[in-house]
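Residues take their numbers from the sequence shown, with the count starting at 1. Atoms within a ligand are numbered from 1 in the order they appear, just like the ligands themselves. Atom set for the values below is all heavy atoms of this structure, side chains included, hydrogens, waters and symmetry mates excluded.
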Amino acid sequence: MKVILFGAPGSGKGTQAVMIGEFFGLKRISLGDIFREEVKKSTDLGKQVKNFMDRGELVPDDLVQRVIDAYLNDERFILDGYPRNLNQAKALEETLKKKGKDLDVFIYLEIDSQTIIERLSKRRVCKGCGANYHLENMPPKKDNVCDLCGKELFQRDDDKIEVIKKRWEVFIDRSQQLLDFYEKKGKLLKVDGSGDKDKVFQRIKEKLPCQKL
Ligand code: AMP
């Protein structure tokens with residue numbers, strides 16, 4: 001089973017990708033996480049992608065492609081945050097074809113821009129273990145300290161309001177072509193991304209073509 005999970009930054013796709021991955025036994029591949037790890041380790045790749053990430057822009061396709069190919073060898077995976085534009089979708093199709101594989105479903109988590117701004121601008125992330133919090137909906141027990149590992153929380157550079165707005169524009173600009181591409185292939189599955197994570201996951205489970213899992 002090969003699944004793509006697509007949605008605006010803040011649509012909850014990271015959370016849902018973990019839940020889907022665990023429930024259906026799919027390996028989760030998040031390009032955002034891979035890039036953040038490279039930035040943290042200050043590798044050559046990390047240095048190249050940091051500026052794009054901080055500005056809320058997409059990393060250029062050639063860099064993306066160089067990284068992602070190595071992760072596509074599994075039979076069962078869920079892609080979180082890739083592909084994000086038509087070029088990447090076509091490149092993915094080619095790569096999978098060469099490996100004798102094909103995609104099963106492209107899930108689109110639908111959500112409006114106000115909800116996204118509210119969710120992301122109040123998100124805080126642990127510097128140690130990467131756990132996510134929300135200042136109002138899921139605050140840590142002690143201000144600015146992770147409940148799980150005791151390390152300090154921080155706001156991602158790309159969760160600042162101006163950058164969120166930029167990421168939303170980038171998202172709207174690229175997404176329609178991508179949705180059309182997968183709709184024509186009969187692989188598009190739209191899911192309402194509003195409400196809490198369990199409600200959204202329930203909707204996904206009800207709609208997923210489970211016979212293929
Ligand atoms: P995410 O955690 O998925 O929101 O990704 C964080 C940042 O990583 C994005 O704002 C981009 O700068 C970069 N990134 C992640 N996935 C991609 C992708 N498929 N193509 C280009 N850039 C990406």
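In summary, the aromatic rings of Tyr82 and Phe6 are positioned with their centroids too far apart to meet the 6.0 Å limit. Ring centers of Tyr71 and Phe77: at least 6.0 Å apart, outside the cut-off.
With ligand atoms numbered from 1 in the order given, ligand 1 contributes 11 (C), 12 (O) to contacts under 4.0 Å with heavy atoms of Glu57. Counting atoms of ligand 1 from 1 in the listed order, those under 4.0 Å from a heavy atom of Lys13 are 3 (O). Every atom of ligand 1 is numbered from 1 in the order shown, and the set under 4.0 Å from a heavy atom of Arg36 is 2 (O), 6 (C). Against a heavy-atom cut-off of under 4.0 Å, Val64 is close to the following atoms of ligand 1: 20 (N), 21 (C). Within the listing of ligand 1, atoms 16 (N), 17 (C), 18 (C), 19 (N) sit less than 4.0 angstrom from a heavy atom of Leu31. The distance from ligand 1 to the heavy atoms of Tyr82 drops below 4.0 Å at these ligand atoms: 19 (N).
Side-chain contact annotation: Gln48 with Asp44, donor-acceptor N/O pair under 3.5 Å absent. Using modelled atom types, one finds no donor on one side chain facing an acceptor on the other under 3.5 Å when comparing Gln202 with Asp198.
Around the CG atom of Asp143, the shell of radius 6.0 Å holds no more than 12 heavy atoms that belong to other residues, nucleotides or ligands. More than 12 heavy atoms of other residues, nucleotides or ligands shown are found within 6.0 angstrom of NZ on Lys160. For Lys99, the NZ atom counts as densely surrounded, since its 6.0 Å shell holds more than 12 non-hydrogen atoms of other residues, nucleotides or ligands.
Residue nearest to atom 1 (P) of ligand 1, selected from Lys166, Arg84, Gln88, Arg55: Arg84 (by heavy-atom distance).
Heavy atoms of Arg156 come nearer than 4.0 angstrom to ligand 1 in at least one pair.
Contacts between Leu58 and ligand 1 below 4.0 angstrom, taking non-hydrogen atoms only, involve backbone and side chain alike. With a 4.0 Å heavy-atom cut-off, ligand 1 is reached by no atom of Gln65.
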Trace of the salt bridge (Lys or Arg N to Asp or Glu O under 4.0 Å) decision for Arg28 with Glu22:
CA-CA 9 Å; Arg28 174 175 164 257; Glu22 281 174 3; over 6 Å; no
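At the top of the distance list for atom 22 (N) of ligand 1, counting protein heavy atoms only, stands Val59 N, 3.0 Å. The nearest heavy-atom contact from the protein to atom 7 (C) of ligand 1 is Met53 CE, 3.8 Å.
Where the criterion is an N or O separation shorter than 3.5 Å, residue side chain and backbone included, Gly81 meets it with respect to ligand 1. Checking only distances, Arg167 does come within under 3.5 Å of ligand 1, N or O to N or O.
Taking the ring centre of Phe181 as origin, the terminal cationic atom of Lys184 falls outside the region bounded by 6.0 Å and 45° from the ring axis.
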